[in-house]
Amino acid sequence: MKYDYTSIEKKWQKRWDELEAFKTGTDYSKPKYFTLVEFPYPSGQGLHIGHPRPYTAMDIVSRKKRMQGYNVLFPMGWDAFGLPTENYAIKNKIQPSIVTERNVARFKQQLKMMGFSFDWSREINTTDPNYVKWTQWIFLQLFKHGLAYKKEMAVNFCTSCKCVLANEEVVNGVCERCGSEVVHKVKSQWMLKITEYADRLIDDLEGLDFIERVKTQEINWIGRSHGAEVKFNTTEGDVITVYTTRPDTLFGATYMVIAPEYALIEKWKNVLNNYDEIIAYKEAAAKKSDFERTELVKEKTGVMLDGIKAINPVNGKEIPIFVSDYVLATYGTGAIMAVPAHDTRDWDFAKAFNLPIIEVVAGGNVQEEAYTDVATGIMCNSDFLNGLEVAEAKEKIIEWLTEKGIGEKKTNFKLRDWVFSRQRYWGEPVPLVYCEHCGKWIPIPEDQLPVTLPEVEHYEPTDTGESPLAHCDGWVNTTCPVCGGPAKRETDTMPNWAGSSWYFLRYCDPTNNEALASSEALDYWMPVDWYNGGMEHVTLHLLYSRFWAKFLYDIGVIKCKEPYLKRTAHGMILGENGEKMSKSRGNVINPDDIVRDYGADSLRLYEMFIGDFEKSAPWSQASIKGCKRFLERIAGLTEMLTDKVNPSLEASLHKTIKKVTLDIDDMKFNTAIAAMMSFVNEVYEAGSLTKAQLEALVGLLCPFAPHLAEEIWETLGNTTLLSLAKWPEYDESKTVDNEVEIAIQINGKLKGTMKLAINTPREDAIAIAKQDPRIAALIEGKTIVKEIAVPNKIVNIVVR
RNA sequence: GCGGGUAUGGUGGAAUUGGCAGACACGUUGGAUUUAGGAUCCAAUGGGCAACCGUGCAGGUUCAAGUCCUGUUACCCGCACCA
């Protein structure tokens, strides 16, 4: 058979469409399998060569599960709100909705040309009003449960996007998206209380089948730490509360530090002899951008409060108080007790300001460097804690503090609440109005959702940091749903993470108008069985969507505590030069070109064969040829049919079926393909194979290269789809050889091999090995010290 | 600095519990076929004439180490003054 990939691929894509081959079944009595890939942002650039890697992988899993009899849900949609579209719209004066529509059409055509078995009848789009309706509905539930609140606060503001960013969107002090400088601005923002779920977001990871690096990254981002809050009195009578993970070192606290933004500073204006100096320091700190702050991380600066001292509660000693920007206003209480002997940062600061360093945990040389080891140290210079180990001291001091009412156990998190407002146009409007008469934010009644975006002339963000919607008077001015008086709509929109935080639920029942999905569908399909996506979303999308799912669980919408049972991550496809693919590097590969020159099946196969699925790998134009060659060789098998069963080929086939079946579940797609290649090589050596053997082979090939597999299947006289046929099964007894090759070693070095019947006893194997002429010669005249034999593997004779 | 990961031929990468290192491909070389180019097929392909030597580097454990232990280097990713 000639391998005309272009016509074969067109033919089968059309056939699958016509037959609705991959439409998800609604028979809820069947076992289900929900495979999920991250839906793309339909950018103007079109599909990236990296997209097909995870999509093909999960297509393989889905196709195999389908052939194994599962009711499979493998959907696709568009995460279509976002800044690039809006920026394109501004530049070219086209409505964002039209740009989106155009990009979606292109993406869809490109995904279809890859032959993915998505159920297109369940396609969703986050910008669709019927979808926005339910994103807004979830927001309103969060609002009604007190988890969405508006707060005046210092936020990350991108100077280029003119938009606030969540902490998760600031990378190395610059904007994650455009790389521009991020500064702090005080603004009133909608916030989501993700911190209320911090403990559960860590604890519920246990028992989930997530790859380890995803778990640790989430845990580190949430950053839970256990310690205590301790109250320090001051000479002014005001109390400063500090958070510390090392209450055991309280006797070593020789000074305190408060953040520049600490509120009490204002109150002490008249007591402080150097108030002006302190305010100057505060203002200088405020001016620093995030980027400058991270750059200047080494140098410790600060100003001592002249006129006020704090009192260490354990020994009554007066200690100085400093203002320094190495203490963050947003973590803990914004104030710390400094123990230079046992904290590196405090030590640096104490050296710079010549402050006393008192050792309270023995074991290091605290004049040379801070001693931070908590595992081996013994307490000293600490009165009633002396002689205790650090862990014991911690417990005892917390007990003591609690008894005296000056401290208590406390857990803290690095995770902050989620800044949920964006001052841009192309996002979901926040469905609230502000009513002066009622004096508060009023939710839009649920039956009036969705609140849709008005058509406007200009999408540009304003220099004042207000949303472009603010200029749209006709839209902003409305009536209050409660009192009927005049009210103003919220003009901020939601971040693009909103729509993706629940999209997997919509796939379960994508056209429902009564609910985000019917509970029947949700109960059947959820949780997602296998979700594959990029590492870059671990602290963003993955965390956010787990938070929303937990909330929806709490209010009874879904019945699972966690949305995803299994999470894996793929490696990137790099440019041919080993660098990340980018326009500026000029190493971008266009999938359209590859499909034209090699076919979608070759591209699919190559992206799976390129290497370990979890690792990044450079693209190689030369290597894809090998995959095409392999497919051509498979096409050639149709001319090699025989009626005679070759037993050794039959054994190889069953081994191959076993290997491919197991490898797919283990995400070892590259070795699965290698196994099929080996088998095909063997067939060429043998010269022929039976129809049944070829049918089994194309069954295995079907998830990887479905077009060619279907074509051969049809050529063999089958009238039903291979994609819906039964997955090939292997006979375990046929996968075991009755003869094995065994290595013979002398002193651990390979000296020969021998063929033995399987499970030949140890003694026999050793005896046969010794008869080998080469081995016999090597043993000749030596003393045998030891003889080791591992059945079916190796014989090792140790001689002297 | 902290956390996670990686290191194997000219290249991408294989190697159950420690048990024949380099599967499978790419590339290269030689040959066949072809008017030519391309494509295809066959053969060889870690190094060394050889004994042997070879999995970033240095040690160790073991009959046996890519795999386990100790130390070390380089690179990648994440976090980054989180008290």
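Numbered from 1 within each chain, the chains take letters A, B, ... in sequence-line order. These values consider heavy atoms only, across backbone and side chains, with no hydrogens, waters or symmetry-generated copies.
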Short N-O contact, [X] and [Y], less than 4.0 angstrom:
X: A:Arg633; Y: A:Glu682; answer: no
X: A:Lys215; Y: A:Glu206; answer: no
X: A:Arg213; Y: A:Glu614; answer: yes

Could you tell me how far [M] sits from [N] if I compare only their [atom1] atoms? Round to whole Å.
N: B:C49; M: B:G4; atom1: C1'; value: 48 Å
N: B:U28; M: B:U72; atom1: C1'; value: 36 Å
N: B:C75; M: B:C42; atom1: P; value: 44 Å
N: B:U6; M: B:G13; atom1: C1'; value: 14 Å
N: B:C20; M: B:A64; atom1: C1'; value: 12 Å
N: B:A58; M: B:G46; atom1: P; value: 24 Å
N: B:G66; M: B:A15; atom1: C1'; value: 9 Å
N: B:C76; M: B:A25; atom1: P; value: 33 Å

Got a list of protein N/O to nucleotides 28-31 of chain B N/O distances below 3.5 Å?
none

Does [X] reach a base, just sugar-phosphate, or nothing at all? Heavy atoms under 4.0 Å.
X: A:Thr244; result: sugar-phosphate
X: A:Lys410; result: nothing
X: A:Ser616; result: sugar-phosphate
X: A:Phe413; result: nothing

Criterion side-chain contact (heavy atoms from CB on, under 4.5 Å) against A:Ile788, the qualifying member of A:Val795, A:Ile766, A:Val798, A:Ile797: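 By the side-chain contact (heavy atoms from CB on, under 4.5 Å) criterion, A:Ile788 pairs with just one of A:Val795, A:Ile766, A:Val798, A:Ile797: A:Val798.
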Please report the distance, rounded to the nearest Å, between [atom1] in [X] and [atom2] in [N].
X: A:Leu750; N: B:A65; atom1: CG; atom2: C1'; answer: 15 Å
X: A:Ile673; N: B:A23; atom1: CD1; atom2: C1'; answer: 14 Å
X: A:Lys628; N: B:C24; atom1: NZ; atom2: C1'; answer: 20 Å
X: A:Glu212; N: B:U6; atom1: CD; atom2: C1'; answer: 17 Å
X: A:Ile746; N: B:C63; atom1: CD1; atom2: P; answer: 16 Å

On a plain distance test, is the side chain of A:Lys793 in donor-acceptor contact with the base of B:C20 below 3.5 Å?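 Absent.
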Can a donor-acceptor pair under 3.5 Å be found between the side-chain atoms of A:Glu741 and the base atoms of B:C20?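 For A:Glu741, whose side chain was compared with the base of B:C20, there is a donor-acceptor pair (under 3.5 Å).
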Tell me whether the rings of A:Phe349 and A:Phe353 are parallel (<30°), tilted (30 to 60°) or perpendicular (>60°).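 A:Phe349 vs A:Phe353 ring planes: parallel.
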So, applying salt bridge (Lys or Arg N to Asp or Glu O under 4.0 Å) with A:Arg567, which one of A:Glu218, A:Glu212, A:Glu38 is it?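 Of all the options given, the one that passes is A:Glu38.
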Apply the syn/anti split at 90° from 0 to B:G9 and say which one it is.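 Syn conformation here, the glycosidic angle of B:G9 being no more than 90° from 0.
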Reading 5' to 3' and counting Watson-Crick or G-U wobble pairs with both distances under 3.5 Å, write the dot-bracket notation for RNA chain B, | for bases paired outside the strand. (((((((..(((......[....)))((((((.......))))))((....))..(((((..]....))))))))))))....
Could you run down the sub-3.5 Å N/O contacts of the protein with nucleotides 37-41 of chain B?
{"from": "B:U40", "atom 1": "OP1", "to": "A:Arg629", "atom 2": "NE", "distance (Å)": "3.2"}
{"from": "B:C41", "atom 1": "OP1", "to": "A:Arg633", "atom 2": "NH1", "distance (Å)": "3.3"}

Would the distance check show the side chain of A:Tyr255 and the main-chain N or O of A:Ala310 forming a donor-acceptor pair, the cut-off being under 3.5 Å?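 Flag not set: sc A:Tyr255 to bb A:Ala310 has no pair under 3.5 Å.
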